[in-house]
Amino acid sequence: MSISTHPTASEAFKADRFAVRCEVLRLSAQPGAGVLLVQFLLDCGVAALFGWQYSVRNALIWIILIAVSTAYRGVFAQRLPDPLTRDNLPGALRLHTLRIAIHEGAHGAAGILLFDPANPTTQLMLGVVVMAMTLSSAFSVSYFAPAMQLAITLLLAPMIVMGVAFGAPMMMMLAALGIGLLAMVWRLVGERSRQLEENIGLRHNESTLRAQAMAGLRESQQAQAERLRFFSAANHDLRQPVMAMGLQAEVLRHQLDAGEDRVTVQNTLAALSRAQQALEGLTNQLLEIGRIEAAADPISPVAVALAPLLCELARQTGTGRVRVRCPDDAVAWTDVVALRRILGNLVDNALKFTPRGRVLLACRRRVDGWRVEVRDSGIGIAPESQDRVFGDFEQIGNVERNLQRGHGLGLAIVRRLALRLGVQITLRSAPGRGSVFGFTLPAAPPDAPITTGIGLAAEAAAATAQDATPLPPDLSVLIVEDNAVVADSIAALLRLWGARAHVCGSAVEALALTTLAGFDIALCDIRLPGSIDGITLAKELQRRAPELAIALVSADIDDATRELASLRGWRALRKPVRAAALRALLLQAQR
C-alpha cells in the first residue's frame, strides 16, 4: 500500500488550524483605506438619495453612524497581539467579530432609519440597496466566517423585519427574498472562508515542508561532512600502524639477512606486534561503531547486579588502581552487554589519562534509579573542551596522536551506546583536578531474575590462561577460507603449534573432499565464494561427519550467529582473531 506524500486540502487545514486562523485574522483585521473610502462615498450617495426622497434628518443620522464606524475601523485599526498564541487568539477573534458587527450594524440601521412606510417605491429602493450592500460586504469586509455571518445578519435583518411588518405587498415579497439571500450568503461566506483556510493551510504546509526539506538538506550536508571527517581521521589512523608494520617487516627482513642477535630481532618483533595490536584495536572500535549505528545488537534490558559487575571490571584492568564503591543491593534494569561496554570504555579512558592515582567506580541510590560514576584524579578537561570529548577521534590530552593512548573513539562509542540505552552521560571536570563521568540507570523490578554479566569475559580470560597449553598431538584442522593470506597465516601458525592443516578456498572444494575422517575440527569462514556460505557448509559437514568439531571464524559473527552456533554445538570466533583466542578455541573443541 502506498501513502501519498501530497496532503489533501482537508489534511493541510487540519494539520495546523491555529496557524491558519492566525493568517485569516491578519488578513481581516487590517482593512484597506482605499476600500473604506470608496465604501463611505457610496454610503454618502445613498444617504443623499434617501434624504431627498424621504427624510434629511434620518439620512443624516444614518451617515453619521456610518462615519463613526468607518473611522473606528480605519483610524483605530485593531492591534493584534504579538505574538499570537493559542491563548490570546480566541480573544483577538472575538474583538474582530465585534468590530465588524458594529460596522455592518451601522449599515444595517438603514433598514430602520431610511424605511418609508408610506412610499412603496422608496421601500423597494431601500431593499435593493441593502441587498447590494450585503453582496458587496460578504466578499470584502472580513475573511473570518463567524464575523461575516453575524455582520450580514445585522445588515439584512432590520430591512427584512421592517418589510414584513410595515411594508407594502411588493416589499413583503422583497423581504422574503431577503431571507433567502441571507441563507445563501451565509452559505457562500462559510464556503469561501473554508476554501481560503484550506488554501492558507496548503501554503503553510508547503512552507513547512520546504523548511523541513531545507533543514533535512542541511542535516544531510552536515552528516556528510561528519562522515568525511570520520573516514579521513580513520584513514589517517589506519595508515599509521599499517605503515609501521610494513617498515618493521622490512627491518626484520634485513636483520634476519644480516644475522642480527636475538635481542635485536625480538625488539623488532615487539614493535611489529604493537603496531598490529594498534591496528586491531582501531579496527575493532570502527566495527563496534558500525554495529551500534546499524543497531545490529538488539537492546535487551535485564536486572543487572551492579556490585559484582563493577568489581569484575576493576579486576580485569589488572592494575590495582581501580577501586569500587557500590551497595550490595544495587540492581539496575538495563542491557548488560551495552553497560559493560560503556563502563569498560570509561574505565579505560580514566586509566589512560590518570598517570598516577586511582580510579573509582562508584554507585549510589537515586530516587529515579542508580547513579553510576567513574571518577579519576587525572589531567582533567577544560570547560571549553568538554563538549568535544565525545566526538569521533577526539583526544584532548593526546594532541600528538600517540596510538598507544588510543584513537579517540572510546567516548564516541560511549555516547552512541548511551543513546541506544536512553541514558544521558554527564561530565564534571577541571584541568588538573580529574574527571567524573556519570549516568543514571533505572532500578530493576523487584521480581526480575538477576544477572551479573561476569561470564561475558570468561572466554577472554580462558584464552589468556590457556596460551601456554599444548595442543593435542596430531591435531588435524580443515581450514575453509577464501582469503589466501589469512588461510596461509592460520595454517602456518597451526603447523608451528604441531598441528596438521589442510586449506580449502571454497565450500565446493571442501565438499569435494573424499572423506572427513582424518579431521578433528573445521574452521569455516562465513563469506565464501559461490552459492554456499560458511553456515550452510558447516551444517553439511556436520551431517557428513557428526563427530567433527565445527568453528565459525568470520568478521560476520553477530548475536544471531552465536546463538545458532551454541544451539548446534559449534564455536564462533570473530575476526580479527588473536593467536591466544584461536589456541583456546582449538583446546575447547577437543574436550
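In what follows, residues are counted from 1 in the order of the sequence shown. Since this is a predicted model, take the numbers as computed values, not measurements.
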Requested in this report: Decide side chain to side chain donor-acceptor pair (under 3.5 Å) for Q255 and T268; before the verdict, give the C-alpha distance in whole Å, the side-chain angles of both, and the deciding distance to 0.1 Å.
Outcome: CA-CA 9 Å; Q255 288 176 344; T268 303; 2.7 Å; yes
Query raised in the report: For the residue pair A579 and W497, what are the closest heavy atoms and their distance?
Result: O-CH2, 3.3 Å
Report task. With rounding to the nearest 0.5 Å, note down the distance linking SG in C326 to CG in L361. Result -> 9.0 Å
Requested in this report: Verify, without hydrogens or angle tests, whether R321 (side chain) and G357 (backbone) share a donor-acceptor contact under 3.5 angstrom.
Outcome: yes
Query raised in the report: Checking D348 side chain against G344 main chain: does a donor-acceptor pair fall under 3.5 Å?
Result: no
Report task. Without swapping roles, check the side chain of R571 against the backbone of Q588 for a donor-acceptor pair under 3.5 Å. Result -> yes
Query - Side chain to side chain, V477 and R500, heavy atoms closer than 4.5 Å - result: no
Report summary line: Between the CD1 atom in I425 and the CG atom in L411, the distance rounded to the nearest 0.5 Å is 9.5 Å
Query - Within-4.5 Å side-chain heavy-atom neighbours: V414 and R341 - result: no
Query raised in the report: What pairs with S554 under side chain to side chain donor-acceptor pair (under 3.5 Å), at least two apart in sequence or on another chain?
Result: D525
Query raised in the report: For the side chain of R495 and the backbone of I490, is there at least one donor-acceptor N/O pair under 3.5 Å apart?
Result: no
Query raised in the report: Hey, are the side chains of L537 and D533 touching, using non-hydrogen atoms and a 4.5 Å cut-off?
Result: no
Report task. Could you tell me whether the side chain of T354 and the main chain of L351 form a donor-acceptor pair under 3.5 Å? Result -> no
Query raised in the report: Does NZ or CZ of R364 fall inside the cone over W370's six-membered ring, less than 6.0 Å from its centre and within 45° of the axis?
Result: no
Query - Pairwise side-chain contact, V302 with T334, heavy-atom cut-off 4.5 Å (strictly under) - result: no
Query raised in the report: Are the side chain of S506 and the backbone of P529 linked by a donor-acceptor contact shorter than 3.5 Å?
Result: no
Query - From CG (L419) to CD (Q424), nearest 0.5 Å - result: 9.5 Å
Query raised in the report: Distance from L552 atom CG to W570 atom CH2, nearest 0.5 Å?
Result: 6.0 Å
Query raised in the report: About how many Å separate CD1 of I521 and CG of L541, when rounded to the nearest 0.5 Å?
Result: 12.0 Å
Query raised in the report: Backbone N or O of S435 within a donor-acceptor pair of the D376 side chain at under 3.5 Å?
Result: yes
**Report entry** Shortest non-hydrogen contact from I479 toward A487
**Finding:** CD1-O, 4.4 Å
Query raised in the report: Is any side-chain heavy atom of I381 closer than 4.5 Å to a side-chain heavy atom of L427?
Result: yes
Query - Close side-chain approach of L252 to L269, heavy-atom, < 4.5 Å - result: yes
Query raised in the report: With V372, which of L309, L339, L306 fulfils side chain to side chain contact (heavy atoms under 4.5 Å, CB included)?
Result: L306
Requested in this report: Decide, yes or no, whether a salt bridge links D329 with R365 under the criterion of side-chain N to carboxylate O below 4.0 Å.
Outcome: yes
Requested in this report: Supply the atom-to-atom distance C524 SG to I535 CD1, rounded to the nearest 0.5 angstrom.
Outcome: 10.0 Å
Report task. For residues A307 and P327, report the shortest heavy-atom separation together with the two atoms involved. Result -> CB-O, 3.8 Å
Requested in this report: Please confirm whether the backbone N or O of R568 pairs with a side-chain atom of Q542, one donor and one acceptor, at under 3.5 Å?
Outcome: yes
Requested in this report: Check V480 against A507 and note the closest heavy-atom contact, atom names and distance.
Outcome: CG1-N, 4.3 Å
Query raised in the report: If you look at every heavy atom in A338 and L417, which pair is closest and at what distance?
Result: O-CD1, 4.0 Å
Query - D328, CG atom: more than 12 neighbouring heavy atoms under 6.0 Å - result: no
**Report entry** Donor-acceptor side-chain pairing of T264 and N267 below 3.5 angstrom
**Finding:** no
Query - Reference residue D556; test salt bridge (charged side-chain N to carboxylate O under 4.0 Å, His left out); the match among R527, R562, R574 - result: R527
Query - Pair T515-R544, side chain to side chain donor-acceptor pair (under 3.5 Å): steps then yes or no - result: CA-CA 9 Å; T515 179; R544 294 186 182 184; over 6 Å; no
Query raised in the report: Under the side chain to side chain contact (heavy atoms under 4.5 Å, CB included) test, which residues partner A271, sequence neighbours left out?
Result: Q248, R274
Requested in this report: Kindly give the heavy-atom pair with the smallest separation between A501 and L494, and that separation in Å.
Outcome: CB-CD1, 4.1 Å
Query raised in the report: Does L313 reach the side chain of T317, with side-chain heavy atoms less than 4.5 Å apart?
Result: no
Query raised in the report: For the side chain of S476 and the backbone of G518, is there at least one donor-acceptor N/O pair under 3.5 Å apart?
Result: yes
Query raised in the report: Do the side chain of E373 and the main chain of R375 share a donor and acceptor less than 3.5 angstrom apart?
Result: no
Query raised in the report: Quick one: are L523 and L478 in side-chain contact, heavy atoms under 4.5 Å?
Result: no
